[in-house]
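Shown next, in structure tokens, is the structure this report addresses.
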Number of protein chains: 2
Amino acid sequence: MKQQKPTESELEILGILWEKGASTVREVHEKLAETKDAGYTTTLKLMQIMYEKGLLTRDASSKTHIYAAAVSQQETQQQLLSKMIDTVFGGSASQLVLQALGHHKSSDKELDQIRQYLNDIEKQQR
Amino acid sequence: MKQQKPTESELEILGILWEKGASTVREVHEKLAETKDAGYTTTLKLMQIMYEKGLLTRDASSKTHIYAAAVSQQETQQQLLSKMIDTVFGGSASQLVLQALGHHKSSDKELDQIRQYLNDIEKQQR
DNA sequence: ATTTGTTTACGAAGATATTCGTAGATGTTC
DNA sequence: GAACATCTACGAATATCTTCGTAAACAAAT
């Protein structure tokens, strides 16, 4: 049972739910409104559709429903990364890594994490 | 003059043109057909639209037109990476890097390239 | 209990993307 | 040059995504 690919708008909503956890439509909408302008019912409709598609779960026990992401952030990341590496980076994951490191600031701590990870790989190979 | 965002299908075509260089519709279509099935005129139409949008250039001097990507691979990569980091990786580029390294095989040579890059950054900071 | 506000449900319009049939132009082969 | 193949152009159908108006249910406030 493979997850179907979320659309652009759906991804924005998933992003919010991954970050904030289970939320009401209102909460998601407020957050969305910070960077985008759309009516409340638009957000509602999107979330209802996502629920039907199985991208979200919802608790309808009270009048105001509570929605949560039904797909994991990591799984979705993998899916999208794979596609992107394939079509846009000519199949080379390392090319993507270099691009990402080159143009998007990372903290020292994060860079250390990456170094650590590379070291671990190296060790495994011996 | 900002490049408009290519659609999913358009990206596939761009990917082929980046890899193979300037090509005819037929050539692109053959390549596309390996992984997808669509009619020839569908590919043609797509490429015509991309030309109108400015995503492709074309040489129409002979009957069979020759198309080429009008947007750079790198610029497009940046654009898509930024968006993806933002919505799917909670703004953390390093998180994306770790995911990419973790799930997509890279050769030793490529990993060395990445280590080298990290070393360079480290040096710059002192 | 009427007004006011918030919520869900529904349907449909509008926008965008994808697909392909058909026609006409051009080139190729016999 | 007639038959055949290949190409572009065009238009339109189809599919998908996005947006929002409206109505009904419900709750809270006066």
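Numbered from 1 within each chain, the chains take letters A, B, ... in sequence-line order.
- Within 6.0 Å of atom CG in Asp120(B), more than 12 heavy atoms from other residues, nucleotides or ligands are found, so the atom counts as buried in its surroundings.
- With rounding to whole Å, Glu8(B) atom CD is found 16 Å from dA15(D) atom C1'.
- A sub-4.0 Å separation between OP1 or OP2 of dA9(D) and a side-chain N or O of Arg58(B) is present.
- Atom CD of Glu52(B) is separated from atom C1' of dT16(C) by 15 Å (rounded to the nearest Å).
- At a threshold of 4.0 Å, the pair Arg115(A)-Asp112(A) counts as salt-bridged, since one of the basic side-chain nitrogens sits closer than that to a carboxylate oxygen.
- Interface residues of residues 28-47 of chain A facing DNA chain C, ordered by number: Tyr40(A), Thr41(A), Leu44(A), Lys45(A); criterion, heavy-atom separation under 4.0 Å.
- Closest contact between the side chain of Val25(B) and the listed nucleotides dT8(D), dA9(C), dG5(C) involves dT8(D).
- For residues 31-53 of chain B, the pairs satisfying ring pair (Phe, Tyr, Trp, His ring centres under 6.0 Å) are His29(B)-Tyr40(B), with sequence neighbours left out.
- Applying the 4.0 Å criterion to OP1 and OP2 of dT8(C), one finds that Gln48(A) has every side-chain N and O outside that range.
- The base of dT6(D) sits with one of its N or O atoms less than 3.5 Å from a complementary donor or acceptor on the side chain of Lys63(B).
- dT8(D) atom C1' lies 8 Å from atom OH of Tyr67(B), rounded to whole Å.
- Residue Leu111(A) holds its CG atom at 13.0 Å from CD of Gln116(A), rounded to the nearest 0.5 Å.
- Per the geometry, CG belonging to Leu56(B) stands 13 Å off P belonging to dT8(D), to the nearest Å.
- dT6(C) atom P lies 17 Å from atom NE2 of His65(A), rounded to whole Å.
- One can place CD of Glu27(A) at 16 Å from C1' of dT8(C), the figure rounded to the nearest angstrom.
- Here the straight-line distance linking atom CD of Gln4(A) with atom CE of Met50(A) works out to 10.0 Å at 0.5 Å rounding.
- With sequence neighbours excluded, the residues satisfying side chain to side chain donor-acceptor pair (under 3.5 Å) with Gln78(A) are Gln99(B), His103(B), His104(B).
- Between Ser9(B) and dA17(C), a side-chain N or O to OP1/OP2 separation shorter than 4.0 Å is absent.
- Rounded to an integer number of Å, the gap from Glu10(A) CD to dT18(D) C1' is 10 Å.
- One atom, CD1 of Ile49(B), and another, C1' of dT8(D), lie 14 Å apart when rounded to the nearest Å.
- Closest to the side chain of Thr7(B), out of dT18(C), dT7(C), dT18(D), is dT18(C).
- Counting only distance, with no hydrogens or angles, the side chain of Ser23(A) and the backbone of Gly21(A) share a donor-acceptor pair below 3.5 Å.
- Dashed line: the shortest gap from a side-chain N or O of Arg26(B) to OP1 or OP2 of dT6(D) is not under 4.0 Å.
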